[in-house]
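What follows is a short report on a single structure.
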Amino acid sequence: MNAENKIAVDEVSEVFDLQTENQWHVRRSSAAQRIEKLKRLRAAVLSYEDEIKSALFLDLRKNEEAATLELDAVYGDIDDAIASVTEWMKPVIVETSEAFKSARAKLVYEARGIVLLFGAWNFPFTLVFQPLVPIIAAGNCAIVKPNELSPNTSLVISKIVKDVFDKEEIAVFEGGVDLANRLLELPIDHVFFTGSPAVGKIVMAAAAKHLASVTLELGGKNPVIVDKSANIEDAAAKIAFLRNMNTGQVCLCPENVYVHEDCKDEFIAVAKATYSATCYVDGELNTDVHGKIVDKRNLDRVRGYLDDAIAKGASLEFGGQVDESTQSIHPTILTNVPHDARIMSEEVFGPILSIFTYKDISEVYKSLQKQEKPLALYVFSEDDNFVEDVLANTSSGGVTVNHCVMHYLEHNLPFGGVNGSGIGRYHGIHGFKELSHERAVLHTAVEV
Ligand code: NAD
C-alpha cells in the first residue's frame, strides 16, 4: 500500500466514525433544514459552472450543450426536491383493518443512515449529484466516490462537496478500485451504485456482508422494435441520433434495432443520412459535436467488437473508422451480425448500431426473452395493440414508445433497471422513497 492510499484508508475510518455519530442528528433534520442544504448545493454548483464545463470537456470532450444538459439535470432535481420535500416527508396515514379498528396506523419515512455513493464516468457530474439530491432530501449522511475515469470532473465534485458539507455529513473520496473496495468494507446502511452489471455483482456481494440495502443502476443492451406501422423516417432519425449521444456511452442508448423486413432499406437510408448530416463537416468527423471515447482501454474494447463482428461476417453499412489521435470512433451501422459475434452478448457502450430484421414479431420475442433484461426497451409503432403485445412479451427497466431515452426525463416516473440491468429506482419522489426506510407504525389504544 502506498502512502497516498494509507492516508485515504485512515481518513475513511475517521469519516465513517464521525458519520456514525452524526447520522442521528442529520436524520432528525426538518424539511426546512434539508431545503437549506439543497439551496446551498445549488448555489455552489452555479458558482462552479465554468470549472464543471471545462472538466467535462477535458474528460469526455463534452461541448457547451452537452455540459449544460448535465448541469440542467442536476438543477432540475434540486428544484424538484426543494419544492416537494416537505410533502414527501409527511407520514402516510393507513386505514386499519377490522382487528385494529381503534388503532392508528401510518408509514413514516426515516433516513437509511449512511449511504455509499459511486458515480459513473459517462455523465460524471449528473450521476453523482442526481442521486445525492434524494440522499440529502431523505436525511442521510453519505460517502461519495466520483468515478476515476473522469478525473477532472471528480476533482470539481470533490471541491463542491467539501465547500457545501462537513465531512461528518457528506464526505468525498477520490480514487479507483482499491478505494472502492476499502469503502465497501464499511458496515454502511445503503449503497447507491451506478456502473456495470459485473461490478454491480461485486457491490451487492459486499453489501450482503452487512445486509446493507442497495440501489444498482446498471447497463445492458437496449433493444428497439420498429413495427411496419411506424413512421420510419422519424424512427430511424431518432434512433440513429440517440445511439450516437455521448458517443454511444449512455446506459439508455438504443443498441440493437429489430426492424420489420419491409422497412429495412428505408430505415438504413435515413439512419445513414442522419449521421452524414449531424456528425460530419466537409466529409470530416466533427469533433465539436462528437465527443471522445473515455480512454484508450475503452477505445480498444469497442474497436474489438467491430473487428470481431466484421471478421465473422457482419456487413459494415456506415462508419467503422477509429481515430486514435482524437480518441474517436465514427458513428457506425452494422447489419448481418452473426450470433457468435462478441457484440451480441456484451454491452457496446460505443457508437455502433446493429440492425436486424424480422418477418414475425414472435422471432424477436424469442430472442429477447433469452437475453438479460435490459435497462430500456424502445418500440416504434402507430398501432397501440402492437405496443401492448410488445409490453406483454418482453421485460425491461423502462420503456419509451416512439422515441428513445425520454422516459428517463419524465420525473414522475421511476427510473431504474430490472434484474441484470439493476435493482431499485430513483427520480422525484421515487428517489426519496428509495433513500428512505418506509417504517410501519401502529399506535394502539389504551384498553383500561
Ligand atoms: P464500472 O462498473 O467499471 O465502474 C463503476 C465503479 O465501480 C467505479 O467507481 C469503479 O471504481 C468501481 N469498480 C470498478 N471495478 C471494481 C471492482 N473490481 N471492485 C470494486 N469496485 C470496482 O462501470 P463504468 O465502466 O464506470 O460505467 C459503465 C457502466 O455503467 C455501463 O455498464 C453502463 O451501462 C452503466 N451505467 C448505468 C447507468 C444507469 O443509470 N443505469 C448510468 C451510467 C452508466
Side-chain angles (χ1 to χ4, degrees), residues 5 8 59-60 69-70 73 77 116-132 134 143-151 153-154 157-158 172-186 191-207 209 214-222 243 245-255 293-302 305 345-350 372-376 396-398 405 407-409 413-427 430-431 434:
N5 272 343
D59 287 333
L60 289 148
L69 266 180
E70 289 223 26
D77 278 18
L116 185 53
L117 170 60
F118 287 115
W121 53 260
N122 60 336
F123 289 89
F125 186 76
T126 304
L127 292 176
V128 164
F129 286 106
Q130 271 199 322
L132 194 59
I143 298 176
V144 180
K145 187 183 96 59
N147 200 287
E148 68 274 26
L149 294 195
S150 41
T153 314
S154 173
I157 290 170
S158 169
V172 58
F173 291 100
E174 290 185 85
V177 177
D178 286 351
L179 176 65
N181 284 323
R182 167 65 186 124
L183 294 172
L184 286 167
E185 286 170 3
L186 298 170
V191 190
F192 194 112
F193 171 84
T194 303
S196 61
V199 181
K201 289 175 191 169
I202 294 173
V203 168
M204 193 161 172
K209 290 196 180 134
V214 292
T215 306
L216 303 176
E217 296 288 344
L218 310 178
K221 295 180 76 66
N222 304 313
R243 197 329 159 222
M245 181 187 183
N246 204 25
T247 320
Q249 301 170 116
V250 182
C251 56
L252 284 164
C253 268
E255 185 159 328
I293 300 287
V294 67
D295 62 5
K296 174 84 167 65
R297 187 178 66 82
N298 277 283
L299 189 83
D300 290 342
R301 185 182 57 76
V302 180
Y305 294 137
S345 53
E346 294 172 32
E347 180 182 8
V348 176
F349 230 52
E372 287 286 1
K373 294 171 192 164
L375 186 60
S396 66
V405 183
H407 65 283
Y408 172 85
L409 300 174
L413 284 173
F415 172 68
V418 52
N419 295 125
S421 54
I423 293 175
R425 49 205 1 228
Y426 72 129
H427 288 183
H430 310 288
E434 182 78 5

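Just follow the structure's listing: the first ligand is 1, and inside any ligand the first atom is 1.
- In terms of protein heavy-atom proximity, atom 22 (C) of ligand 1 is nearest to Val199 CG1, 3.4 Å.
- Here the protein heavy atom with the shortest distance to atom 1 (P) of ligand 1 is Ser196 OG, 3.6 Å.
- The salt bridge (Lys or Arg N to Asp or Glu O under 4.0 Å) search around Glu347 returns none, not counting sequence neighbours.
- Residues Glu174 and Lys145 are not paired through a salt bridge, judged by the lack of any N-O separation under 4.0 Å between the basic side chain and the carboxylate.
- Residue contacts with ligand 1: Phe415 is included, with a non-hydrogen atom under 4.0 Å away.
- Residue contacts with ligand 1 for Phe123 are absent, since no atom lies close enough (heavy atoms, distance under 4.0 Å).
- With hydrogens left out, the protein atom closest to atom 39 (C) of ligand 1 is Cys251 SG, 3.4 Å, a heavy atom.
- Scanning all protein heavy atoms for the shortest distance to atom 34 (O) of ligand 1 gives Glu347 OE2, 2.6 Å.
- Trp121 NE1, 3.6 Å is the protein heavy atom nearest to atom 27 (O) of ligand 1.
- Checked by atom type, the side-chain pair Asp77/Gln130 shows a donor-acceptor distance below 3.5 Å.
- Using a 4.5 Å cut-off on side-chain heavy atoms (C-beta onward), Asn122 and Leu127 make contact.
- Listed by number with element, the atoms of ligand 1 under 4.0 Å from a non-hydrogen atom of Leu127 are 42 (C), 43 (C).
- Between the side chains of Asp178 and Asn181, no donor-acceptor pair is found at a separation under 3.5 Å.
- Of all protein heavy atoms, the one lying nearest to atom 35 (C) of ligand 1 is Gly195 O, 3.1 Å.
- Nearest protein heavy-atom neighbour of atom 8 (C) of ligand 1: Asn147 ND2, 3.6 Å.
- With respect to atom 41 (N) of ligand 1, the closest heavy atom belonging to the protein is Leu218 O, 2.7 Å.
- For Ser196, the side-chain contact (heavy atoms from CB on, under 4.5 Å) criterion is met by Ala198, Val199, not counting sequence neighbours.
- Remark: side-chain polar atoms of Arg243 are paired, donor with acceptor, to backbone N or O of Gly350 under 3.5 angstrom.
- Heavy-atom neighbours of Glu372 CD from other residues, nucleotides or ligands within 6.0 Å: at or below the threshold of 12.
- Look at Leu149 and you'll find every heavy atom at least 4.0 Å from all atoms of ligand 1.
- In terms of polar-atom proximity, defined here as any N/O pair under 3.5 Å, Tyr426 makes no such contact with ligand 1.
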